[in-house]
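Let me begin by presenting the structure, written as structure tokens, before commenting on it.
Both ligands and their constituent atoms are indexed starting at 1 by order of listing. Only heavy atoms go into these numbers, but all of them, side chains included; no hydrogens, no water, no symmetry mates.
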Amino acid sequence: MKKIGVLTSGGDAPGMNAAVRAAVRKGISLGMDVYGIERGYAGLLDGDIKKMEWKSVGDILQRGGTILRTARSERFNTQEGEAHAAMMLDTFGIEGLVVIGGDGSFRGGLALAEKGIQVMGVPGTIDNDLGYTDYTIGFDTAVNTVLSLVSNIRDTASAHERTTIVEVMGRHCGDIALHAGLGGGADVILVPEVPLDINLVCRKVLRGQQSGKLHSIIIKAEGVEMSANELAKIVEERTGREARAVVPAHIQRGGTPSGRDRCLASLMATKAVQLLYNDESSKGIGICGSEIVAYDLAEALQIKRDFGQDIYDLAEVLS
Ligand code: F6P
């Protein structure tokens, strides 16, 4: 294989640039031509495709976002869109594609794989919601960003003796809340994987108050049905202590990637390009323990996520 493409798709994640850099430089070092496709599948449909040089990816390792930019393309998600995208790749002579994104992006990749393109999926999403891999690129940075916010919130919440509900991202997955909750010593962690019991939440907050705690922190994943504001209202009414909602939203998606995300991205994207070079069929790249692994792309998408019940239980014991 001589020509490969790389694109970032869906929500951006810190570390995507490190993955783009690794894909481009690994490809060039193997003697391949590497093309950067802008704005994910949207740019592929529009033919926004440019040849990347070694220097095109200089000075980006430490930057959040993605230099290729990203999009969620409705146009691509149609039979005509997929056919047009495959035709575009053919026009540029691109036989293999590195798709950096989440499950929606992988499904797009699978559609192209079914049209004869070799596609390697590199999991780039802060949500950590892909079942076949222990971690996705961007998750670690997002958790650290939330932890830093929680530290700040603790200071002011203690000063005012308040309860704060921090709503974090993750779509239908509670992993950001779970890990930030354990690492940040939250009094309550609310995730979509565990049914919400508002009475229990209030009891836990009251228990903290009665034991002399100056503040309570509740970390709630966005996938939990009740909004942070609704929850704050109920908790305030039932505990008699002021409660505020904080929604950091996209703050947790930007910022310089952690060392862990940069390394993960570099290792995974390198593996993706090596597999294309070896002429392997389409794969989803992941990490299992400390090993970089590759599963058949269709199978990777079928693997169900395990909820981190052990982490959840431990956070309960320690809070
Ligand atoms: O998938 C990443 C993510 O940040 C989710 O956690 C969140 O639900 C969604 O994207 C937000 O999307 P948008 O940036 O389009 O508002």
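Residues Thr164 and His215 fail the side-chain proximity criterion, which asks for heavy atoms closer than 4.5 Å. Using a 4.5 Å cut-off on side-chain heavy atoms (C-beta onward), Glu225 and Leu190 make no contact.
Within ligand 1, the atoms closer than 4.0 Å to a non-hydrogen atom of Glu222 are 5 (C), 6 (O), 7 (C), 8 (O), numbered from 1 in the order shown. Near His250, meaning under 4.0 Å from any of its heavy atoms, are these atoms of ligand 1: 13 (P), 14 (O), 16 (O).
Here the shortest heavy-atom distance to atom 6 (O) of ligand 1, taken over Asp127, Ile176, Thr136, belongs to Asp127. Of the candidates Arg253, Arg171, His172, Arg253 brings a heavy atom nearest to atom 11 (C) of ligand 1.
In this structure, Gly102 falls outside the shell of residues with a heavy atom less than 4.0 angstrom from ligand 1.
Partners of Tyr35 under the ring pair (Phe, Tyr, Trp, His ring centres under 6.0 Å) rule, at least two apart in sequence or in another chain, do not exist in this structure. For Glu280, there are no side-chain hydrogen bond (donor to acceptor under 3.5 Å, both in side chains) partners at least two apart in sequence or on another chain.
Of all the heavy atoms in Pro248 and Gln252, the pair that sits closest is C-NE2, 3.9 Å.
Annotation: cation-pi pair Arg260/Tyr135 present, NZ/CZ under 6.0 Å from the ring centroid and within 45° of its normal.
Here's the thing with Met169: none of its N/O atoms is less than 3.5 angstrom from an N/O atom of ligand 1.
Looking from atom 15 (O) of ligand 1 to the surrounding protein, the closest heavy atom is Arg72 NH1, 2.5 Å.
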